[in-house]
Amino acid sequence: MARPALWLSLLTVGLFVIALTLGPAQIGPFESLGALIVDDSSPLTMVMREIRLPRAILAVLVGASLGLSGAAMQGYLRNPLAEPGLIGVSGAAALGAVLAIQTGVAATVTLGLPLMALAGALIGVLLILALAGPRGSSLTLILAGIAISALSGALTSLVLNLSPNPFAASEIMFWMMGSLADRSMTHVWIALPFVLVGGGVLLSLGRGLDALTLGEDAASAMGIRLTRLRLVLVLGTACVIGATTAVAGAIGFVGLVVPHILRPLVGARPSRLLWASALGGAVMVLAADIAVRLILPERDLKLGVVTALVGAPLFLHLIYKTRSQLG
Amino acid sequence: MSLLRVEHLSVTLRNRPVLRDVSFDVEEGECVGLIGPNGAGKSTLMRAALGLVAHEGQSSIAVMRDADRARAAAWMPQMREIAWPVTVDTLVMLGRIPHMAGGQKPGAEDHARVDAAIAATGLEAFRQRTATRLSGGEQARVLIARALAQDTPLIVADEPVAGLDPAHQISTMETFAKLARDGRSVIVSLHDLGLAARHCTRLIILSEGRIAADGAPADVLTLDSLRDVFGITAYFRDTDQGPVFQPLSVI
């Protein structure tokens, strides 16, 4: 446990500091970090505290949420292809955000967009729980999730399709690619409570997910209450994914790839993978957000585009490796 | 002391009665072989007795709280599932979950139980191997070790010896018989009537959801019961090397 956790933590801290010192204003790292800590009421302090700090904190929150919920989802479904988007919460949150942009709520009401996205996530999770039933197996959960994802995807397309306003349509397109640019501390305060609560309950699932390695029947006979575990998993995932989608848009592949990469490093134990994936997700999103700012800084490259561009080939490589191991 | 008391247990799955009014007790020190043709309801009986499937009637273990139940009985399902490529050591340690609070590290007692379970199943050389890369029979032994590590008064195992080589079939049954001699109890379903006759202290024959016979192997494995329940003839003798049983032909 100690070694991967240690170097993942160091990597997170290192990238967090780099993210803080990186920006269009060419200022030395020590100077900018000093301005962050000591308020000398200079413009630099404002840049650090109002622009770079929230962006770096959000990268950690979003990455940790995606990695953690991906690891929990894979552990519960015992399938390395599961990802947090599977239960449809991110799709429902995106629909809420799209409606906020389309109706103008995003422009007229302060924080209209993240709040509408959270409302979308809440409706999505209620629908999932109603559809999947209180007992049901993991299969009904997947089916309900696919149905919700498809429905919210279709409604999102419908909004785009019928949008009379090309500016709103392109704003929607860009928002859906996911980004951490121009976020404020208010976004941090919106996401933080949900991420802390959701993350806390997901981390508490380690024991049950370990037992599920032996299948649902054996886990149940070892005293794991599967209906409770599933409810906690859905609510925890909804909290972290709803909140991160609300503040950062849809960021793909992190929840899928990070647990997959880290699994061999933690001896494949689902409980240890939870912590590792939270840190690994933070590392990946911080790195991607740094890359976004280094490559084409003037073109506003979207974070979700970068994670998918990096994630998909990485995933292909992993599949190739798995295939050659299987012979 | 009774470790399991099952009274008037009935299970209906999709409007089809699978178990009908089954009652039996398991005392300390018994190795109970559950035998019967495919579809007789053996797995359902074990799962219902453990409270893993909705049922009518009573089972003393099914009514327990989850945490207590996990310390009263260990369950080895027929489906041998190992979802992740964990080491054999890690997998056997999963059996200690009911004895550890969430997040607690395994203590000396936990390691001792795992060592004993691994020794009993002859897996010492496999401890650091990845469980999913072992052969089917080796995986079965790992899962048996996992159930042993749970260290419960009662072990319920659904066809644990299926797919094992003869030596490990015998050593697994001897492990169960030894547990019974040490005052624990085992309920094991199996199709090898020869193994059942040699190693079990008691056999329950299940036929079409009912108990057709229940008693000592010599009393239960009669020509009549074999003909009526299994539709076979067999050779059965008590030799100086213990009971020998060989199925002969289909009637």
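Letters A, B, ... mirror the listed sequences (proteins, then strands); counts begin at 1. Only heavy atoms go into these numbers, but all of them, side chains included; no hydrogens, no water, no symmetry mates.
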* Structure fact -> d(A:Leu233 CG, A:Met73 CE) to nearest 0.5 Å is 4.5 Å

* To do: Measure B:Leu94 against the heavy atoms of chain A and call it side chain, backbone, both or neither at under 4.5 Å.
  => both

* **chain B interface, residue from A:Pro80, A:Ser271, A:Ala219 that has the most non-hydrogen pairs under 4.5 Å** => A:Pro80

* Give the member of B:Met100, B:Met76, B:Met79 that has the highest number of heavy-atom pairs under 4.5 Å with chain A. => B:Met100

* **Presence of salt bridge, A:Arg269 and A:Asp210, under 4.0 angstrom** => yes

* Matching residue for B:Arg184 among B:Thr152, B:Leu3, B:Asp151 - test: side chain to side chain contact (heavy atoms under 4.5 Å, CB included) -> B:Asp151

* Asked: Is any side-chain heavy atom of B:Arg127 less than 4.5 Å from a side-chain heavy atom of B:Thr87?
  -> no

* Do B:Arg69 and B:Asp66 sit within salt-bridge range, that is, some charged N less than 4.0 Å from a carboxylate O? -> yes

* So what's closer than 4.5 Å to chain A heavy atoms on B:Leu143: side chain, backbone, both or neither? -> side chain

* Asked: Do B:Glu109 and B:Arg113 sit within salt-bridge range, that is, some charged N less than 4.0 Å from a carboxylate O?
  -> yes

* Name the region of B:Pro77, side chain, backbone, both or neither, that has any atom closer than 4.5 Å to a heavy atom of chain A. => side chain

* **B:Arg80 versus chain A, the contacting section by heavy-atom distance below 4.5 Å** => neither

* Atom group of B:Arg71 that falls short of 4.5 Å from chain A, counting heavy atoms -> neither

* To do: Can you tell which part of B:Ala74 gets under 4.5 Å to a heavy atom of chain A, answering side chain, backbone, both or neither?
  => neither

